[in-house]
Amino acid sequence: VHKYIKNYRRGYEIGMQLGDIESAMYHQLTAVINAFCCGVKLDVVEQEAREACKKMEAYKQVASLSMTQSFWQTALNLMGRSADPVILEGEGMQQAKTLRWL
């Protein structure tokens, strides 16, 4: 499984090299999702999601950004770094704002 995560990270790099920003960001999102779902340590997932969100925001990739933010905030919640562990509200995401966007 970790091989696939590595391949998605490589897909991000290739997408950026080719100027295919949208595809690159979706590869990065998929790497975060797979890391989260496949047992990568939460602090690693949190850091990867944080960095991905910064890039997605810089390139104005709002669809991939909003999905990545949900995994970022979920990781934060599971690590006890939120006021309420069942609401996606904190540094990584503001649940109410995201729900309005959807």
Check the hydrophobic clustering (I, L, V, M, F, W, Y; side-chain heavy atoms under 4.5 Å; chains of links allowed) and say if [X] and [Y] are grouped together.
{"X": "Val62", "Y": "Met56", "answer": "no"}
{"X": "Leu78", "Y": "Met93", "answer": "no"}
{"X": "Met79", "Y": "Val32", "answer": "yes"}

Treating [X] as the side-chain partner and [Y] as the backbone partner, does any N or O pair qualify as donor plus acceptor under 3.5 Å?
{"X": "Asn77", "Y": "Ile87", "answer": "yes"}
{"X": "Gln69", "Y": "Met67", "answer": "no"}
{"X": "Ser23", "Y": "Asp20", "answer": "no"}
{"X": "Gln28", "Y": "Ala24", "answer": "no"}
{"X": "Gln73", "Y": "Leu88", "answer": "no"}

Look up atom [atom1] in [X] and atom [atom2] in [Y], then write down how far apart they are to the nearest 0.5 Å.
{"X": "Gln95", "Y": "Ser70", "atom1": "CD", "atom2": "OG", "result": "10.5 Å"}
{"X": "Lys97", "Y": "Ser66", "atom1": "NZ", "atom2": "OG", "result": "11.0 Å"}
{"X": "Glu89", "Y": "Leu76", "atom1": "CD", "atom2": "CG", "result": "12.0 Å"}
{"X": "Tyr4", "Y": "Arg9", "atom1": "OH", "atom2": "CZ", "result": "15.5 Å"}
{"X": "Ile21", "Y": "Tyr12", "atom1": "CD1", "atom2": "OH", "result": "7.5 Å"}
{"X": "Leu29", "Y": "Tyr8", "atom1": "CG", "atom2": "OH", "result": "10.5 Å"}

Flag the pair Arg50 and Glu46 as a salt bridge only when some basic side-chain nitrogen lies within less than 4.0 angstrom of an acidic carboxylate oxygen.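 Glu46 and Arg50: salt-bridged.
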Glu13 bridged to Arg10 by N-O distance under 4.0 Å: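 A salt bridge links Glu13 with Arg10.
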Contact summary for Gln94 and Gly90, nearest pair of heavy atoms: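 Scanning both residues, the minimum pair turns out to be NE2-O, 2.7 Å.
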List the steps and the verdict of side chain to side chain contact (heavy atoms under 4.5 Å, CB included) for Val45 and Trp72. CA-CA 7 Å; Val45 173; Trp72 178 17; over 6 Å; no
With a cut-off of 6.0 Å (strictly less than), are more than 12 heavy atoms of other residues, nucleotides or ligands near CD of Gln47?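 It does: Gln47 CD has more than 12 such atoms within range.
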Between Cys53 and Leu65, is there a side-chain heavy-atom distance shorter than 4.5 Å?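 Answer yes - side chains close enough.
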Answer yes or no: is there a side-chain heavy-atom contact under 4.5 Å between Met16 and Tyr59? yes
